[in-house]
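Because the structure is a prediction, the values reported are computed rather than measured. Index from 1, following the sequence. Start at 1 and go down the list; that is how both ligands and their atoms are numbered. We use all heavy atoms of the structure for the numbers below, so side chains are in, but hydrogens, waters and symmetry mates are not.
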Amino acid sequence: MTLQEAEYSIPASDWLHDPLAEYRQGDFLMSGTAGSILGRGGSRLSMGPHNSRQILAGHFAAAGRRSAIAGVLPFVPGGSGEFVVMDSTLRGPRLAPSGPARAVKDGGAAMAPNAPDPHFTAAVAKALTKFTADGLQKVVLARSRSTTLPKPLDINQLLARLIRQNPTAYVFAAPLPEGRTLVGASPELLIRRNGTMALSNPLAGSVPRCADPVQDLANAAALLESAKDLREHAIVVEMVAEVLNPLCINLQVPAAPELVRTGSMWHLSSKISGRLKDPEATSLDLAFALHPTPAVCGWPTQMACDLIAELEESNRGFYAGAVGWMDAAGDGEWAVSIRCADVSNDDLRVHAGAGIVPGSDPELELAETEAKFRTILAGLGVTQP
Ligand SMILES: C=C(O[C@@H]1C=C(C(=O)O)C=C[C@H]1O)C(=O)O
């Protein structure tokens, strides 16, 4: 198949080709609740919250109704995102696993499991001294691991495994500058806009999954009752509601979170939805307005960002930003870019973070980040104890 012609909203029965087999490096692929989209880009756009409306108005006026863009936002608030103008797109239902599971034959397995990280626990201990009644309430601290790849990673194969292992996640591969790719399986929806309906589904407050099923359910039940995790979660819900409330009619905010699970984590989850007052507010406008939520940054935002810059060893880049796509009508889906790897032909970097609030335990937060690494490590075929 060539992706010469823009095809839009292809019904499932016409989804003739396997998008995973069609995907090649430099394409954008995302499979999530709004279905899947595979786009082959022509030009690239770099734009931030200050200029995206103007740039996109010009772009869509020239490229027409069937055009779509896709891209990534960096973690840094207000930073410019990297987008591709998709010359051709295929859209279909959410991708499901196809064929038998295959072993990964590439160098991802070189990633050492359970590397010690005294810097991270020291950073959490330091953060715990910074909370005050009218100051910092929460900060999300992340750590990273990297490895050199003996040979280029087979991204199609990694995507296939991520789809198999994470059937409800937002699975994506997005092109980054300098030939790099951000690939992952995020459980978290920053924003979806469909017509005038907007939905955000923040996650915060987590516990690793446990191999013993009885203990696993007991841990999940304890999470739902944990005062520390409920506080960590409430900070995020309040901020998301504060941003969306003036933009929506009748915003629905659940009174209490529910549990969601991935292969490696239990999370507290809240679905916040409303009808947009301004039909011109696009999914990307909303993503820029919401990002970074306290799920990946902390609260208040600027104080948390300053502490992250002080305490974290490596630059987050496009980790803990957003990844998604938008059509000419402004509809689209943007996931929080977590549980992902930033890969080039010869190296790979992964990040994982945890929300720190008064009462957090540095060793438990370290264990939480270890468990969060598992999503991408499992995709790479690395099994952890
Ligand atoms: C920061 C990450 O995850 C975020 C932090 C969470 C938490 O602290 O409980 C939960 C989900 C995500 O919003 C990550 O996966 O790296």
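Figure legend: cation-pi geometry between R145 and F373, with NZ or CZ positioned under 6.0 Å from the six-membered ring centre and within 45° of its axis.
Ranking the protein heavy atoms by distance from atom 4 (C) of ligand 1 puts A295 O, 3.5 Å first. Atom 3 (O) of ligand 1 has as its closest protein heavy atom R339 NH2, 3.3 Å. Atom 2 (C) of ligand 1 has as its closest protein heavy atom G353 O, 3.5 Å. Annotation: atom 16 (O) of ligand 1 to nearest protein heavy atom, Y319 OH, 2.6 Å.
In this structure, the separation between CD1 on I376 and CD1 on I338 is 11.5 Å, given to the nearest 0.5 Å. The distance from atom CG of L286 to atom CH2 of W334, rounded to the nearest 0.5 Å, is 11.0 Å.
With hydrogens and angles left out, the side-chain atoms of R275 and T196 include a donor and acceptor closer than 3.5 Å. Side-chain atoms of T147 and D347 include no donor-acceptor pair closer than 3.5 Å.
Ligand 1 lies less than 4.0 angstrom from a heavy atom belonging to E368. Remark: distances from the non-hydrogen atoms of A142 to ligand 1 are all 4.0 Å or more. The closest approach between any non-hydrogen atom of H233 and ligand 1 is not below 4.0 Å.
The distance criterion of under 3.5 Å between nitrogen or oxygen atoms is met by S206 with respect to ligand 1. Where the criterion is an N or O separation shorter than 3.5 Å, residue side chain and backbone included, G355 meets it with respect to ligand 1. For the pair A354 and ligand 1, the shortest N or O to N or O distance does not fall below 3.5 Å. Between V296 and ligand 1, a contact under 3.5 Å exists for no N or O pair. Taking distance alone, with nitrogen or oxygen atoms compared against 3.5 Å, V140 stays at or beyond that limit from ligand 1.
Of the listed options E188, K372, E232, K372 places a heavy atom closest to atom 6 (C) of ligand 1.
Close contacts of ligand 1 with G205, meaning ligand atoms under 4.0 Å from a residue heavy atom, involve 7 (C), 9 (O). Heavy-atom proximity to A352, at under 4.0 Å, picks out these atoms of ligand 1: 16 (O). Taking a cut-off of under 4.0 Å to the non-hydrogen atoms of A204, the atoms of ligand 1 that pass are 9 (O), 10 (C). In the vicinity of H267, heavy-atom distances shorter than 4.0 Å reach the ligand 1 atoms 10 (C), 11 (C).
The backbone N or O of G321 sits less than 3.5 Å from a side-chain atom of S337, completing a donor-acceptor pair.
Each ring pair (Phe, Tyr, Trp, His ring centres under 6.0 Å) pair with one or both residues in residues 291-320, not counting sequence neighbours, appears once here: Y319-H351.
Look at R40 and D87 and you find no salt bridge, because none of the NZ, NE, NH1 or NH2 atoms lies under 4.0 Å from a carboxylate O. A salt bridge links E365 and K228; the closest N-O separation between the charged side-chain nitrogens and carboxylate oxygens is under 4.0 Å.
Under the 4.5 Å side-chain criterion, counting only non-hydrogen atoms from C-beta, H233 is not in contact with L203.
With sequence neighbours left out, Q302 forms a side chain to side chain donor-acceptor pair (under 3.5 Å) with D306.
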